[in-house]
2 protein chains.
Amino acid sequence: MVEKTRRQAIEDAASALFHAHGYSGTSVRDIARAVDIQGASLYAHVTSKQDVLWSIVERTAARFEAAADAIEAADPGAATFGRGVYLIALVRAHVGVVTDDIERASVFVHEWRALEGHRREEIARRRDAYEDRFRTVIADGVRAGAFHAVDPVATAAYVLTALNGLVSWYKPDGRLSARVIADTYADLSLRAAQAPRMPA
Amino acid sequence: MVEKTRRQAIEDAASALFHAHGYSGTSVRDIARAVDIQGASLYAHVTSKQDVLWSIVERTAARFEAAADAIEAADPGAATFGRGVYLIALVRAHVGVVTDDIERASVFVHEWRALEGHRREEIARRRDAYEDRFRTVIADGVRAGAFHAVDPVATAAYVLTALNGLVSWYKPDGRLSARVIADTYADLSLRAAQAPRMPA
DNA sequence: TGGCCGACCTAGCGAGCGTTAGTTAGGGAG
DNA sequence: CTCCCTAACTAACGCTCGCTAGGTCGGCCA
């Protein structure tokens, strides 16, 4: 299956363009040019520009959710047992999804606001639920004494925005591999949350 | 001086709109409507839409730079002496500029890419120089043994993107005050960078 | 009092926007 | 061979874009 459907090629091109210029900075003719057809011909494959954005954002949201779900599936005890382990797994999962396809991840992170109506609300809700996984593991860790007693909401926001910040600097062929970044980011996130081993 | 020049009102309105909808998602007529004049009348106060963006971005860049400069000015020893202290000061300065005017900070963080030509290049250069302050203090701390020996470039990116992430969730009248956030973020950043006091 | 000037207006330019309509070329199935 | 489907095309619609031109009006200064 080296074949790629036209629809897939269009979403690939749109992801790259939305990543580079934003949703409203990209015209349907720009997307069409990237796949070498006329602007109007796009509509044989796609029902609207909004629809292309929705496809990209929704599928990427699902990938983030699936990656996080897989952690609990792999080790049902981790969520309630070792908070450090669970937080590390969440961070690695998130970094993995981002580095696996930055363009789509970038569109998910920055362009979901361009969605209209109930679709925007749905993504807002799902983003909040996803962020809540971070808030919960941190709050649990604080309660158990494993994590430093800072505000779990602020801590989760700090960590998650740091991870999302990857979309603005990660380059697949850069000096730092996805693997190294995952290691480093997991380390930094855990250290930020963790209680000191010895009181100062 | 309760008076506000029309030009200032226009930049305020543009900042709010660029923050909410992005540069290319905002029309000059949108900006004009926000200050209750006709779209064309804007051009009595402004030479172009690009120019408004430039004013906002440039002035905000200068505020970030000035806040960081003020640290060294206040305590010339800090930069080379206590790395932890200096990193904390950098973080607090950055958070202060962001919380002081999120709308402009948000435009600076996200919309500078919409600048064209040499202005875009200038901001790219100045952003890199600013980020280098973080890289340097972290690298110095690692060399001195005060900080954990993770990659200083990745660590600086992690911390700085976390701080910039504030623009996507901070609300001036929210539960967490600017003061509390500055405390928390300084704490998290230092902890992320610092060497453990006792080997595990 | 007269002239100027800044702030605003209406009108409109040329370009580009997202999208629709109608058409055509080519290939597979009956 | 014919029929029809798919994937393109060209043309164009109505609208908005950033921006310019030219005019009106009121307040300040000589």
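Worth knowing before you read on, the calculation uses all heavy atoms, side chains too, and leaves out hydrogens, waters and symmetry mates. What you are looking at is a predicted structure, and each value in this text was computed from that prediction instead of being measured. Numbers restart at 1 for each chain; the letters A, B, ... are given by sequence-line order, proteins then strands.
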hydrophobic_cluster_shared for A:Y43 and A:I10, side chain cutoff 4.5 Å: yes
Nearest-neighbour nucleotide for the B:A40 side chain, D:dA21, C:dA7, D:dG18 considered: D:dA21
Separation of atom CD1 in B:I31 from atom C1' in D:dG18, rounded to whole Å: 11 Å
Atom-to-atom span, CD of A:Q8 to P of D:dA7 - whole angstrom: 13 Å
Note: B:R125-B:E121 ion pair, threshold 4.0 Å (strictly below): no
Whole-Å gap separating P (D:dG18) and CD (B:E116): 12 Å
Atom-to-atom span, OH of A:Y43 to P of D:dA8 - whole angstrom: 16 Å
Gap between atoms CG and C1', on B:L42 and D:dC17 respectively (whole Å): 14 Å
Nearest-nucleotide comparison on DNA chain D, the residue closer to the 5′ end among A:R29 and A:H45: A:H45
Geometric class of the B:F18/B:Y23 ring pair [parallel <30°, tilted 30-60°, perpendicular >60°]: perpendicular
Proximal nucleotide (of C:dG18, D:dA8, D:dG18) relative to the B:V28 side chain: D:dG18
B:R7 atom CZ, over 12 foreign heavy atoms within 6.0 Å: yes
Rounded distance in Å - NZ (B:K49) to P (D:dG18): 4 Å
Whole-Å gap separating C1' (D:dT20) and CD (B:Q38): 15 Å
Earlier contact from the 5' end, DNA chain C, for A:D30 and A:T47: A:D30
Sugar-phosphate only, base, or nothing, as touched by B:T26 at under 4.0 Å among non-hydrogen atoms: sugar-phosphate
Sugar-phosphate, base or nothing in reach of B:R6, heavy atoms under 4.0 Å: sugar-phosphate
Touch class at under 4.0 angstrom, heavy-atom based, for B:S41 against every strand present: base
Nearest-Å distance for atom pair OH/C1', residues B:Y23 and D:dC17: 11 Å
Plane angle bin for A:H94 and A:Y130 - parallel if under 30°, tilted between 30 and 60°, otherwise perpendicular: tilted
